[in-house]
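Presented below is the structure to which this report refers.
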Amino acid sequence: MGSSANTLSAFPRLSERLIADAAVIGGGMAGILTAFALREAGLRVVLLEEDRLAGGATARTTARISAQHGLFCERLLHDFGEHLARQYLSAQKHAVRQYRDLIASRGIDCALREHVSRVYTAPDGPDLSRELACALLLGADAELQAVDGLPFPVREALCFPHQASFEPIPFLAALLPGIEVYEHSPVRDIRGHVVRCDGGSVEAAHIVVATRYPMLERWGLYHLRLRQEQGYLLALRGAPPLDGWYLDADTRGWSLQQRGDELILSGGVHRCGENRGDSYERLRAQAKLWFPTAQEVRAWSSQDCVTMDGIPYIGRYGAATPHLHVAAGFGRWGMTNSMVAATLLTAEILGKHYPYADVFSPDRFFPSASIETMMEGALYAVRGKARRLFTAAAAETDAIAPGHAGVVRHHGRQYGVYRDEHGALYAVSPVCPHRGCALVWNDDEKTWDCPCHGSRFDYTGHRLFHPAKSALKRYDATLI
């Protein structure tokens, strides 16, 4: 389960035709913040969520409100140049201040805490002096520090002071009054200014798609410009408390964050569909090594959507759709980028100036940061379809052990078959309904994952993550 339980009030399904100034699709942090900002500007806003509010990435967040996004300043300068790199950092710093100001002005009780954010390197890791120089050039309040108090040696850490964390659910609850919200109302299509759901529709002058992965593929080539990554987290109680959080400079390493009386250990990041089946085992082994007396409170995974160049797409969905807007590709930095999205899109819809808009434009294309990743995305799609066509079935039904799954061929057709701990079998199509890629079994999460675009399904075929719009086809496993 995630790090925060969903305690928001329930809202009805959409069951009528509505007319509004703006329709916002997606009930996570970005969608709710955008709906709130538009409503504060005097617009009639309808917020649509296919399941429950704050039930996706927001429910799994560690809720870091930070302008430090890993080792990013030198990369930004190289890929974007000083002007746009400064825009990105300025937008993140402004977002941190906006959270503080909004929480203070509304008197929101959401356990806001100030922290120091640190990116650390191992003793044989890289020298961070170049990253420090780039951060200072871009306007960061940063410094290098020696680090002690960790259960492992550290060469140095690059620190951003005055960052924050909070509890997102009470924060979001304070923003919802006055917004027309409809849950369990999946959007089936958008035609012109009309958003169509199963039970009704919304006609709006402006439409915002804030669904983490853009749901429309008629514009923007987003399926080639985004990838989805998965990471794993443990909440520990009884570990020595830490001051703030520590992120490994190596994105494949381990990160630590103090959250109340719990210590969050995270790591094991991989592209969706490339799970080795031992992610939780490795995380628990690391926790036992570093914190042998601590107790595991819970374990969960997060899934993040990442753009080609690491900067979110926030702005006009496509050149031909001035009324349609998008916010996607936040990576691991969903809190500040959600605030950036709400501010930028509100300004765009109201015809006002947002000084940091250019760097987030979905129309941007920087060859140094984009071509290789776009080619990689295309190759993953081709490889996924080839796997479906040419890979032989890996198991027979009788050979599948309890708690595991495999692809079984029966009468010329392949099935994804899972056997639960009690021996019951579940059979689904092993082909992603999004674009026909072969699904891969994730033994850690007991899910079928798409390595092409990141859709995920549980072992019964229920869809868990976009961009797929439907569940997997189910079969009677007793006949296989």
Side-chain angles (χ1 to χ4, degrees), residues 26 50-51 56-57 186-189 209 211-218 220-231 270-277 279 301-308 328-329 373-395 400 404-410 412-418 425-475 477 480:
E50 70 170 359
D51 191 11
V187 172
R188 300 305 182 188
D189 197 14
V209 178
T211 53
R212 188 175 60 91
Y213 194 105
M215 59 176 294
L216 296 174
E217 295 187 356
R218 296 193 292 273
L221 295 176
Y222 290 105
H223 65 287
L224 294 178
R225 300 200 289 157
L226 291 162
R227 69 180 186 274
Q228 301 211 53
E229 295 181 346
Q230 198 169 343
H270 62 82
R271 183 166 180 148
C272 189
E274 294 185 346
N275 180 274
R276 298 189 302 178
S279 298
S301 69
S302 63
Q303 187 162 326
D304 299 307
C305 200
V306 183
T307 67
M308 293 189 302
T373 311
M374 180 175 277
M375 291 298 296
E376 181 185 4
L379 287 172
Y380 263 86
V382 171
R383 192 183 308 158
K385 292 181 180 180
R387 184 188 294 115
R388 173 170 63 89
L389 295 173
F390 301 115
T391 302
I400 297 174
H404 297 276
V407 177
V408 173
R409 181 176 291 277
H410 181 71
R413 176 177 290 179
Q414 290 189 344
Y415 303 87
V417 179
Y418 170 73
L425 293 172
Y426 300 82
V428 298
S429 168
V431 177
C432 182
H434 173 230
R435 285 184 172 266
C437 293
L439 299 175
V440 178
W441 177 250
N442 181 335
D443 216 28
D444 283 318
E445 297 291 297
K446 309 304 180 190
T447 58
W448 293 100
D449 298 351
C450 177
C452 298
H453 305 111
S455 299
R456 295 178 64 202
F457 310 83
D458 69 16
Y459 60 82
T460 70
H462 175 70
R463 189 202 66 191
L464 301 173
F465 288 96
H466 295 97
K469 296 181 180 180
S470 61
L472 298 178
K473 186 174 181 180
R474 299 178 178 87
Y475 299 96
I480 300 174

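Contact check for E229 versus E274: no side-chain heavy atoms found under the 4.5 Å cut-off. Looking at V187 and T211, their side chains never come closer than 4.5 Å, going by heavy atoms from C-beta outward. By the 4.5 Å heavy-atom criterion applied to side chains, L216 and D189 are counted as neighbours.
Between A477 and L425 the shortest heavy-atom distance is CB-CB, 3.5 Å. Across all their heavy atoms, Y213 and H453 have their closest contact at CE1-O, 3.7 Å. Residues A438 and P451 approach most closely at O-CD, 3.3 Å, considering heavy atoms. Nearest heavy-atom pair, D443 versus G277, reported as atom, atom and distance to 0.1 Å: CB-CA, 4.1 Å. For the residue pair A427 and V417, the shortest heavy atom distance occurs at CB-CG2, 4.2 Å. Taking both residues in full, the closest heavy atoms of H434 and S455 are given as CB-OG, 4.3 Å, listed atom of the first, atom of the second, then distance.
Note that the CG atom of D304 and the SG atom of C272 stand 11.0 Å from one another [nearest 0.5 Å]. In this structure, the separation between CZ on R212 and CG on L226 is 10.0 Å, given to the nearest 0.5 Å. Taking CG from L472 and OH from Y459, the interatomic distance works out to 14.0 Å, rounded to the nearest 0.5 Å. Atom CZ of R463 and atom SG of C432 lie 10.5 Å apart (nearest 0.5 Å). In this structure, NE2 on H466 lies 14.0 Å from SG on C450, to the nearest 0.5 angstrom. Rounding to the nearest 0.5 angstrom, the gap separating the CG atom in N442 from the CG atom in D458 is 12.0 Å.
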(message) Does W448 form a ring-ring contact (aromatic ring centres under 6.0 Å, His included) with Y418? I'd like the steps, not just the answer.
(response) CA-CA 10 Å; W448 293 100; Y418 170 73; 8.6 Å; no
(message) Between F457 and L439, does the side chain to side chain contact (heavy atoms under 4.5 Å, CB included) criterion hold? Intermediate values first, please.
(response) CA-CA 9 Å; F457 310 83; L439 299 175; 4.0 Å; yes
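Results of the side-chain contact (heavy atoms from CB on, under 4.5 Å) test with D449 over Q228, R271, Q230 single out Q230 as the only residue that passes.
Environment of NZ in K446: crowded, with over 12 heavy atoms of neighbouring residues, nucleotides or ligands closer than 6.0 Å. Around CZ of R276, the count of heavy atoms belonging to other residues, nucleotides or ligands within 6.0 Å does not exceed 12.
Although no hydrogens or angles enter the test, the distance criterion places a donor-acceptor pair under 3.5 Å between the side chain of R225 and the main chain of G220. Put simply, the side chain of Q303 never gets that close to the backbone of R456: no donor and acceptor are under 3.5 Å apart.
Between C437 and C452, the sulfur-to-sulfur (SG-SG) separation falls under 2.5 Å.
In this structure F465 satisfies the ring-ring contact (aromatic ring centres under 6.0 Å, His included) test with no other residue, sequence neighbours excluded.
Below 30°, between 30° and 60°, or above 60°: for H410 and Y415 the angle between ring planes is between 30° and 60°, a tilted geometry.
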